[in-house]
Undergrad: 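Quick one: this structure, given as structure tokens, is what I'll be asking you about.
Counting from 1, the numbers follow the sequence of the chain as shown.
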Amino acid sequence: MTVLQPDLDYQKFLGEGRFMIQRCRDSGRHVFYPRVAEPVTGSTNLEWVAASGQAEVYAVTVVRQRPPAANYNIVIVDLAEGPRMMSRVDGIPPEDVKIGMAVQARVITEDGQPMVVFHPAPTRQQDQT
């Protein structure tokens with residue numbers, strides 16, 4: 001009997017520097033967080049696919065800390081593929097992260113663990129320079 005461990009598969013992909021999410025072969029809907037069955041339908045016909053990494057900030061909270069510790073943000077993003085996920089936005093001051101901001105995923109390693117964080121997506125003007 002094969003034991004499905006989608007969390008371990010997800011961590012393995014991150015360790016390889018790849019941001020992968022699941023898609024249901026029956027409905028075509030994307031699924032995140034990793035699981036053994038699609039929500040609502042219960043279909044177990046899931047496959048791993050590369051996420052585009054494109055997302056939009058849905059919600060943001062700035063965690064303010066006592067100096068000298070730095071403030072940081074916690075965000076929920078809507079992935080272009082449909083699911084939401086929790087992470088953070090790096091590369092700008094935490095207070096500058098806004099709802100509706102376009103962001104791009106990156107896989108980083110922090111404290112020895114691979115994880116997905118987001119950075120502000122380049123604007124069209126930046127793309128042309």
Undergrad: Please determine if R84 forms a cation-pi arrangement with Y58, meaning its NZ or CZ atom is less than 6.0 Å from the six-membered ring centre and no more than 45° off the ring axis.
TA: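 Flagged: R84 positioned over aromatic ring of Y58.
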Undergrad: Which pair of non-hydrogen atoms, one from V116 and one from A105, has the smallest distance, and what is that distance?
TA: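 For V116 versus A105, the nearest heavy atoms are CG1-CB, 3.9 Å.
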Undergrad: Quick one: do V103 and I92 end up in the same hydrophobic cluster if we chain Ile, Leu, Val, Met, Phe, Trp and Tyr together by side-chain heavy atoms under 4.5 Å apart?
TA: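 Same cluster.
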Undergrad: Nearest 0.5 Å please: distance from the CZ atom of R64 over to the CG atom of N73.
TA: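 Separation between the atoms: 11.0 Å.
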Undergrad: Could you tell me whether R25 and E38 make a salt bridge, using a distance below 4.0 angstrom between a side-chain N and a carboxylate O?
TA: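 Looking at R25 and E38, the cut-off is not met.
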Undergrad: Which pair of heavy atoms, one from I99 and one from V60, lies closest together, and at what distance?
TA: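 What the structure gives for the nearest pair is CG1-CG1, 4.3 Å.
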Undergrad: If you define the side chain from C-beta out and look only at heavy atoms, does anything of R29 sit under 4.5 Å from T41?
TA: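 In short, these two side chains touch, coming nearer than 4.5 Å.
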Undergrad: For V62, what are the other residues in its hydrophobic cluster, where any two members join if their side-chain heavy atoms are less than 4.5 angstrom apart?
TA: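 Under the 4.5 Å side-chain rule, V62 groups with nothing.
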Undergrad: For K98 and V57, work out which heavy atoms get closest and say how close.
TA: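 Minimum heavy-atom separation between K98 and V57: O-CB, 3.5 Å.
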Undergrad: How many angstroms lie between atom CD of Q11 and atom CD of Q5, to the nearest 0.5 angstrom?
TA: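 Here the rounded value is 12.5 Å.
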Undergrad: Rounded to the nearest 0.5 Å, what's the gap from CG on D78 to CE on M85? Could you check?
TA: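 Here the rounded value is 12.0 Å.
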Undergrad: Are I74 and R88 close enough that some pair of their side-chain heavy atoms sits under 4.5 Å apart?
TA: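 In short, these two side chains do not touch, never coming nearer than 4.5 Å.
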Undergrad: If every non-hydrogen atom of S43 is compared with every non-hydrogen atom of D26, which pair is closest and at what distance?
TA: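 What the structure gives for the nearest pair is OG-OD2, 2.6 Å.
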Undergrad: Might you point out which heavy atoms bring N71 and E95 nearest each other, and give the distance in Å?
TA: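 Scanning both residues, the minimum pair turns out to be ND2-OE2, 3.1 Å.
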Undergrad: How about Q104 and H119: do any of their side-chain heavy atoms sit closer than 4.5 Å?
TA: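 The answer is no; the side chains never approach within 4.5 Å.
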Undergrad: Are V49 and V77 grouped together when hydrophobic residues (ILVMFWY) are joined by side-chain heavy atoms under 4.5 angstrom apart?
TA: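 Yes, because V49 and V77 connect within a single hydrophobic cluster, where side-chain heavy atoms sit under 4.5 Å apart.
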Undergrad: Going from CE on M86 to OG1 on T61, what distance comes out if it is rounded to the nearest 0.5 angstrom?
TA: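 That separation rounds to 8.5 Å.
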Undergrad: Going hydrophobic residue to hydrophobic residue with side-chain gaps under 4.5 angstrom, can you get from I108 over to V75?
TA: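 Result: no, two separate clusters.
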Undergrad: Looking only at non-hydrogen atoms, find the nearest pair between M101 and V97 and report the distance.
TA: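 Minimum heavy-atom contact is CE-CA, 4.0 Å.
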Undergrad: When you compare the side chain of F19 with that of L79, does any pair of heavy atoms fall below 4.5 Å?
TA: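 Yes - at least one pair of side-chain heavy atoms lies under 4.5 Å apart.
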Undergrad: Could you tell me if the side chain of D9 sits less than 4.5 Å from the side chain of M20, heavy atoms only?
TA: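 The answer is no; the side chains never approach within 4.5 Å.
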Undergrad: Does atom CZ (R106) have a neighbourhood of more than 12 heavy atoms from anything else shown, all under 6.0 Å?
TA: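 At most 12 heavy atoms, drawn from other residues, nucleotides or ligands, come within 6.0 Å of this atom.
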Undergrad: Working to the nearest 0.5 Å, report the span between CG of N45 and CZ of R23.
TA: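 Interatomic distance, N45 CG to R23 CZ, rounded to 0.5 Å: 11.0 Å.
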Undergrad: In chain order, what residues pass the side chain to side chain contact (heavy atoms under 4.5 Å, CB included) check against P34, with sequence neighbours excluded?
TA: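 P6, D7, Y10, Q22, F32, W48.
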Undergrad: To the nearest 0.5 Å, how far apart are CG in L14 and CE in M115?
TA: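 CE of M115 is found 9.5 Å from CG of L14.
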